[in-house]
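Take a look at the structure set out below.
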Amino acid sequence: MSGQMTELDAVNEVLSAVGQQPAQTLEAGTYIEAVRIKQMLNRLSREVQSRGWWFNEEEDITLQPDPTGNIKLGTNIINATVLDDRDGSLVQRGVNIYDRKNRTYEIKGNIKVNVCLFLTWEELPQVAKEYIISLTAVKFNSGYTNLQDIIPDLQSTMTSRYAQMLIEDKRSRDINLLRNTRIRGIAFN
């Protein structure tokens with residue numbers, strides 16, 4: 001067993017929390033409950049990460065248009081916020097930056113953005129994995145097993161792990177108001 005929690009470990013933790021047998025593999029067509037939990041883990045991971053945390057946000061990135069004038073974002077970008085767009089016309093549409101004012105994907109010049117990335121399970125910090133597992137256990141129990149006697153424990157664990165995420169997020173962020181690009185963008189634009 002390695003120090004990093006695998007998806008199989010996560011699925012087995014959820015199965016254990018709802019009183020089910022552990023899975024040996026996550027291959028499709030094997031243990032249907034394990035496959036459902038894996039799908040739920042991935043969906044809830046995307047949902048949790050879309051909020052933006054210290055581990056999946058990158059700030060002040062310069063993007064350049066390609067030879068056709070388009071700015072394409074990576075497929076792992078959940079959302080991008082253009083920083084140097086005074087009138088708010090530059091927005092993300094799918095994996096592209098779109099100019100709403102001129103109704104075009106052709107962007108003239110470089111832009112700066114803040115992005116929220118979707119990280120794979122392996123890239124997530126342990127505290128995020130633990131919260132996502134707890135959230136999945138609550139949702140899986142609610143949708144499939146519906147064991148009433150475990151609901152308080154599942155919700156208590158989920159709440160505690162979410163609090164840990166918030167503490168780590170606050171601790172890990174740059175709280176200097178003059179250097180923080182989010183605050184600077186609000187204060188000085």
Side-chain angles (χ1 to χ4, degrees), residues 1-61 72-81 92 94-95 113-175 180-182:
M1 178 181 241
S2 73
Q4 292 296 313
M5 178 181 283
T6 66
E7 276 187 304
L8 180 59
D9 295 332
V11 166
N12 282 333
E13 190 171 322
V14 174
L15 285 167
S16 175
V18 296
Q20 301 288 319
Q21 294 296 315
Q24 301 302 314
T25 181
L26 296 178
E27 298 300 317
T30 55
Y31 185 7
I32 191 66
E33 302 301 331
V35 173
R36 281 185 181 141
I37 291 170
K38 180 183 176 192
Q39 292 168 343
M40 193 176 280
L41 268 173
N42 288 328
R43 182 177 51 78
L44 292 172
S45 179
R46 183 174 305 280
E47 183 180 307
V48 167
Q49 290 185 58
S50 69
R51 174 193 180 275
W53 298 89
W54 80 97
F55 59 84
N56 74 330
E57 289 183 330
E58 293 189 15
E59 298 180 337
D60 210 23
I61 298 170
K72 293 212 179 289
L73 303 169
T75 56
N76 66 330
I77 293 178
I78 296 171
N79 60 56
T81 305
Q92 176 183 358
V95 295
V113 295
N114 286 348
V115 296
C116 179
L117 302 170
F118 176 74
L119 304 180
T120 65
W121 186 259
E122 294 76 25
E123 295 173 298
L124 293 173
Q126 185 63 29
V127 67
K129 289 176 181 180
E130 290 173 358
Y131 171 61
I132 293 165
I133 289 167
S134 294
L135 180 60
T136 303
V138 167
K139 300 266 186 182
F140 187 79
N141 183 58
S142 173
Y144 294 98
T145 55
N146 201 25
L147 301 171
Q148 296 296 312
D149 57 324
I150 67 171
I151 291 173
D153 287 339
L154 292 177
Q155 289 180 334
S156 174
T157 300
M158 182 186 70
T159 301
S160 173
R161 288 179 172 178
Y162 183 68
Q164 287 302 117
M165 282 271 289
L166 292 174
I167 290 166
E168 187 63 26
D169 190 59
K170 184 177 179 182
R171 188 187 69 72
S172 298
R173 290 191 184 271
D174 182 4
I175 57 171
N180 186 294
T181 59
R182 283 185 180 180

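Any value given below was found using the heavy atoms of this structure, including those in side chains, with hydrogens, waters and symmetry copies removed.
Salt bridge status for R161 with E13: present, with a side-chain N to carboxylate O gap under 4.0 Å.
Atom CG of L26 is separated from atom CD of Q39 by 10.5 Å, given to the nearest 0.5 angstrom. For the atom pair CG (N146) and CD1 (I151), the distance works out to 6.0 Å, reported to the nearest 0.5 Å. Taken to the nearest 0.5 Å, the OH atom of Y144 stands 5.0 Å off from the CZ atom of R36. The OG atom of S45 lies 8.0 Å from the CG atom of L119; values are rounded to the nearest 0.5 Å. Remark: Y131 OH to M158 CE distance equals 5.5 Å, nearest 0.5 Å. Rounding to the nearest 0.5 Å places CH2 of W53 at 11.0 Å from OG of S172.
Checking E47 against S50 by side-chain atom types alone, no donor-acceptor pair falls below 3.5 Å. Between the side chains of Q155 and D153, not a single donor N or O lies within less than 3.5 Å of an accepting N or O. Between D9 and T6, the side chains place a donor N or O and an acceptor N or O closer than 3.5 Å (distance only, hydrogens not considered).
Atom CD of Q21 has 12 or fewer heavy atoms from other residues, nucleotides or ligands within 6.0 Å.
Closest heavy-atom contact between A137 and V18: O-CG1, 4.2 Å. Here the closest heavy-atom approach between residue N141 and residue I150 is recorded as OD1-CD1, 3.7 Å. The two residues L117 and Q49 have their closest heavy-atom pair at O-OE1, 3.4 Å. When all heavy atoms are compared, the tightest approach of V35 to E27 is CG2-O, 3.7 Å.
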### Query
Taking it one step at a time, do F140 and E33 satisfy side-chain contact (heavy atoms from CB on, under 4.5 Å)?
CA-CA 9 Å; F140 187 79; E33 302 301 331; 2.9 Å; yes
### Message
Could you walk me through whether L41 and V11 satisfy the side-chain contact (heavy atoms from CB on, under 4.5 Å) test, starting with their C-alpha distance in whole Å, then the side-chain angles of each, then the deciding distance to 0.1 Å, before giving a yes or no?
### Response
CA-CA 8 Å; L41 268 173; V11 166; 3.8 Å; yes
### Query
For S134 and E130, what are the C-alpha separation, side-chain angles and deciding distance, and is it a side chain to side chain donor-acceptor pair (under 3.5 Å)?
CA-CA 6 Å; S134 294; E130 290 173 358; over 6 Å; no
### Task
Could you give me the CA-CA distance, side-chain angles and deciding distance for K72 and I77, then say whether side-chain contact (heavy atoms from CB on, under 4.5 Å) is met?
CA-CA 10 Å; K72 293 212 179 289; I77 293 178; over 6 Å; no
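Under a 3.5 Å cut-off, the side chain of W121 and the backbone N or O of N42 do not form any donor-acceptor pair. Not a single donor-acceptor pair under 3.5 Å links the side chain of N56 to the backbone N or O of F118. Between the side chain of N114 and the main chain of T81, no donor-acceptor pair closer than 3.5 Å is present. Side chain of K129 to backbone of M5: a donor-acceptor contact under 3.5 angstrom is found. Distance alone, capped at 3.5 Å, is enough to place a donor-acceptor pair between the N12 side chain and the A23 backbone. In this structure, the side chain of Q92 engages the main chain of G94 through a donor-acceptor pair within 3.5 Å. Judged by distance alone, the side chain of S160 and the main-chain N or O of S156 form no donor-acceptor pair under 3.5 Å. For E57 (side chain) and V115 (main-chain N/O), no donor-acceptor pair under 3.5 Å exists by modelled atom type.
Residues F55 and M165 have side chains in contact (heavy-atom distance under 4.5 Å, counting atoms from C-beta outward). Taking the side chain as every heavy atom from C-beta outward, K139 and T136 never approach each other to under 4.5 Å. Counting only heavy atoms from C-beta outward, the side chains of Y31 and L15 approach each other to under 4.5 Å.
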